[in-house]
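I have placed the structure first, in the form of structure tokens, so that the comments after it can refer back to it.
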Amino acid sequence: LIRSLEDEVGARLFDRDKRTVTLTPAGRAFEVSATRILDEARSALTRLSEYSGRANEHAAIAILPSLAACWWPSVLAAFVRQRPAVSIEVADHFSHACVELTRAGHVDFALVSRFGEAGDMIAEEYACERFYLACRPDNRLAAEPCISVRDIAEETFIYHFRSSLILQYLDSELYPRRMERVLAVQQYSTVLALVQAGIGITAVTSLSLPLCRSLGLHTRELPVIDLKRRSYLIRRKDRQLSPAAAAMYQHMLQHRPKIAS
């Protein structure tokens with residue numbers, strides 16, 4: 001090996017006799033560079049090992065605000081109890097932003113309601129939820145035996161401005177009329193706070209019911225709304241999940257809500 005290296009560089013690195021082997025001037029010059037390269041290689045391997053260890057104990061998820069605020073915290077708490085060493089990062093955004101964060105590799109996977117044309121993703125259907133009315137107990141609709149779309153249209157309807165599927169449905173049912181008394185907000189917590197204050201009503205999905213009831217809101221199923229919200233776990237096809245992210249992904253699948261289809 002040494003002779004091959006000497007032949008390659010065109011210089012003798014060692015002086016040899018029957019008893020000793022010593023470095024030549026060229027060998028001593030080479031030793032300085034070789035030592036530096038070895039030190040840098042060891043340092044790089046150490047940093048890689050440290051990074052790999054952190055990655056193995058880190059999981060990042062993007063999730064819809066309506067789920068992050070209602071049903072999911074108990075699922076996350078169970079995972080934390082099982083894997084207390086895992087560092088967890090949560091991004092609560094609307095579906096489009098969740099998809100883009102997953103695509104860019106900023107999160108490991110996401111729980112979304114829509115993901116469009118995403119041929120670069122693996123998607124597993126997670127839950128299928130019905131819509132419910134949420135209002136104050138003293139709202140007139142709380143006592144109505146049967147609620148129509150026109151009854152809803154007479155109230156101020158509060159909704160997420162980026163999640164208007166329910167509003168589009170109500171508009172189509174009222175055609176050629178439209179929902180006129182509407183209030184669009186950005187945060188899910190704001191929707192419920194405004195309903196709690198008596199400013200209007202809203203429509204929530206099944207997994208939001210415990211939070212609504214904890215806030216003292218009246219909830220009831222809306223058979224008149226023939227609409228369901230489906231949610232999906234998505235992740236990139238070309239990216240292998242770290243051990244921590246894979247464990248969290250499987251934990252999510254094992255803790256699907258009972259309403260999952």
Side-chain angles (χ1 to χ4, degrees), residues 41-116 118-129 160 162-163 186-189 192 204-212 214-215 229-261:
R42 293 190 189 98
S43 178
L45 289 172
T46 299
R47 289 194 299 270
L48 178 61
S49 177
E50 291 173 350
Y51 173 82
S52 178
R54 289 194 300 271
N56 287 343
E57 292 302 322
H58 179 80
I61 178 175
I63 186 170
L64 294 170
S66 58
L67 297 179
C70 303
W71 155 83
W72 188 65
S74 61
V75 177
L76 177 61
F79 180 77
V80 170
R81 287 193 294 270
Q82 293 176 12
R83 303 285 294 267
V86 174
S87 169
I88 298 170
E89 181 181 348
V90 180
D92 52 335
H93 292 287
F94 292 99
S95 288
H96 176 73
C98 289
V99 172
E100 291 307 311
L101 286 171
T102 307
R103 179 171 286 126
H106 297 311
V107 299
D108 298 299
F109 60 93
L111 183 57
V112 300
S113 60
R114 295 190 299 274
F115 54 92
D120 55 339
M121 300 287 180
I122 296 172
E124 296 189 62
E125 186 170 326
Y126 195 72
C128 180
E129 303 172 77
H160 293 102
R162 289 186 182 174
S163 181
Q186 293 191 38
Q187 302 298 329
Y188 188 75
S189 57
L192 298 184
V204 300
T205 52
S206 309
L207 294 176
S208 301
L209 294 179
L211 177 60
C212 292
S214 73
L215 295 173
R229 182 178 78 169
R230 298 181 185 276
S231 55
Y232 303 84
L233 273 177
I234 63 168
R235 57 189 175 91
R236 278 173 42 173
K237 287 181 179 178
D238 63 349
R239 184 177 183 183
Q240 184 176 0
L241 296 176
S242 70
M248 189 175 186
Y249 189 90
Q250 289 302 315
H251 179 83
M252 293 279 291
L253 291 176
Q254 293 165 6
H255 288 77
R256 278 186 167 125
K258 292 180 181 180
I259 60 170
S261 57

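Keep in mind that what you see is a predicted model, and the values were worked out from it rather than measured.
Every residue two or more places apart in sequence or in another chain that forms a side chain to side chain contact (heavy atoms under 4.5 Å, CB included) with Ser231 is listed here: Leu111, Tyr126, Ala127. Judged as a side-chain hydrogen bond (donor to acceptor under 3.5 Å, both in side chains), and not counting sequence neighbours, the contacts of Ser208 are Tyr188. Partners of Arg235 under the salt bridge (charged side-chain N to carboxylate O under 4.0 Å, His left out) rule, at least two apart in sequence or in another chain, do not exist in this structure. For Glu124, there are no salt bridge (charged side-chain N to carboxylate O under 4.0 Å, His left out) partners two or more places apart in sequence or in a different chain. Qualifying salt bridge (charged side-chain N to carboxylate O under 4.0 Å, His left out) partners for Arg81, counting only residues two or more places apart in sequence or in other chains: none. Applying the side chain to side chain contact (heavy atoms under 4.5 Å, CB included) criterion to Val90, with sequence neighbours excluded, gives Ile61, Ile63, Trp72, Ile88. Considering only residues two or more places apart in sequence or on other chains, His251 meets the side chain to side chain contact (heavy atoms under 4.5 Å, CB included) condition with Val75, Ala78, Phe79, Gln82, His255. In terms of the side chain to side chain contact (heavy atoms under 4.5 Å, CB included) criterion, residue partners of Ala123 (sequence neighbours excluded) are, by chain and number, Phe115, Ile234.
Within the structure, the salt bridge (charged side-chain N to carboxylate O under 4.0 Å, His left out) test picks out the following pairs touching residues 236-246 (sequence neighbours left out): Asp108-Arg239, Arg236-Asp238. For residues 89-102, the salt bridge (charged side-chain N to carboxylate O under 4.0 Å, His left out) pairs, not counting sequence neighbours, are Glu100-Arg103.
His160 has its side chain out of reach of Leu64: every pair of non-hydrogen atoms, C-beta onward, lies at least 4.5 Å apart.
Nearest heavy-atom pair, Pro257 versus Trp71, reported as atom, atom and distance to 0.1 Å: CD-CZ2, 3.7 Å.
Under a 3.5 Å cut-off, the side chain of Ser87 and the backbone N or O of His58 do not form any donor-acceptor pair.
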